[in-house]
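Okay, structure first, notes after.
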Amino acid sequence: MNKVSTVKIVIAGPRGRMGKEAVLLVKETENFELVAVIDRKNDGGNLQDVEGFAGISAPIYSDIEKCFQEVQADVLVDLTTPEVGMHHTVTALQHGVRPVVGTTGFSQDDLKELEQLCAKTGLGCIIAPNFAIGAILMMKFSQMAAKYFQDVEIIELHHDQKLDAPSGTAVKTADMIREVRETKQQGHPNEKETIPGARGANIDGMHIHSVRLPGLIAHQQVLFGADGQTLTIRHDSYNRASFMSGVKVAVENVMKLDVLVYGLENIIE
């Protein structure tokens with residue numbers, strides 16, 4: 001049996017809620033090795049000296065360029081913010097490192113630039129609006145259902161500290177449904193919002209509603225309606241550990257890729 005090669009990983013955003021889970025994932029996965037972290041604080045220190053990371057040794061860099069110049073890495077796992085995620089992704093590819101990105105908010109121009117950079121460097125890159133395997137299946141099942149149900153609304157529910165609305169998962173779900181559904185304006189043709197925004201965002205006639213409340217993590221339901229019946233497909237993440245199975249799959253798969261992949265549904269059978 002061939003021995004599985006060790007994947008050397010840099011994590012950007014280790015102190016965030018997702019970042020902490022990713023650090024634990026790398027620590028607990030036999031063929032993963034944490035070689036450095038990118039953090040805007042604690043530059044020049046070691047992760048094991050940061051509260052909550054006892055026994056997990058990795059140098060800390062605030063400058064991602066310096067990190068890739070001094071540390072040999074295979075994969076960057078970026079779980080930061082849209083403001084820095086694009087810079088981190090481009091920098092990683094320019095230094096021969098394959099990015100796995102959980103940051104949402106990339107524009108179409110950003111994705112086109114990254115697609116071209118992947119082609120130029122021959123490196124793979126995975127950007128995933130959602131890493132939960134169940135959420136990926138929810139999106140795929142919704143796309144299947146949309147072939148038979150033309151009327152659909154999406155309700156996404158997240159914690160009240162989430163910055164973007166609608167969520168990347170909701171937008172991705174709508175995009176996948178649009179591939180198989182013709183544009184249709186749903187509801188009464190003379191429908192009028194007595195309070196602006198009551199019907200949510202509108203994408204090709206589909207409506208997306210965003211809920212933000214403390215106590216939630218990440219939840220989405222896709223509701224389909226037809227004469228005499230409805231179909232609801234729902235996924236719930238109750239903690240951030242639920243996303244780590246997808247991070248693991250993404251890291252393993254990005255090592256085999258030489259193109260940009262947007263969405264884990266593209267690598268899951």
Using a strict 4.0 Å threshold on nitrogen-to-oxygen distance, state whether [X] and [Y] make a salt bridge.
{"X": "Lys41", "Y": "Asp43", "answer": "no"}
{"X": "Asp110", "Y": "Lys112", "answer": "no"}
{"X": "Glu265", "Y": "Lys140", "answer": "no"}
{"X": "Arg212", "Y": "Glu156", "answer": "yes"}
{"X": "Arg17", "Y": "Glu21", "answer": "no"}
{"X": "Arg181", "Y": "Asp204", "answer": "no"}

Any sub-3.5 Å donor-acceptor pair from [X]'s side-chain atoms to [Y]'s backbone N or O?
{"X": "Asp78", "Y": "Gly85", "answer": "no"}
{"X": "Ser62", "Y": "Asp39", "answer": "yes"}
{"X": "Asn202", "Y": "Gly205", "answer": "yes"}
{"X": "Ser167", "Y": "Ala170", "answer": "yes"}
{"X": "Asn253", "Y": "Ala250", "answer": "no"}

Between Gln143 and Glu179, is a side chain to side chain donor-acceptor pair (under 3.5 Å) present by the stated rule, with each step listed?
-> CA-CA 8 Å; Gln143 186 183 48; Glu179 293 176 9; 3.1 Å; yes
Check the hydrophobic clustering (I, L, V, M, F, W, Y; side-chain heavy atoms under 4.5 Å; chains of links allowed) and say if Ile267 and Val101 are grouped together.
->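 Ile267 and Val101: separate clusters.
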Could you tell me whether the side chain of Glu115 reaches within less than 4.5 Å of the side chain of Tyr262, counting heavy atoms only?
->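 No, their side chains stay 4.5 Å or more apart.
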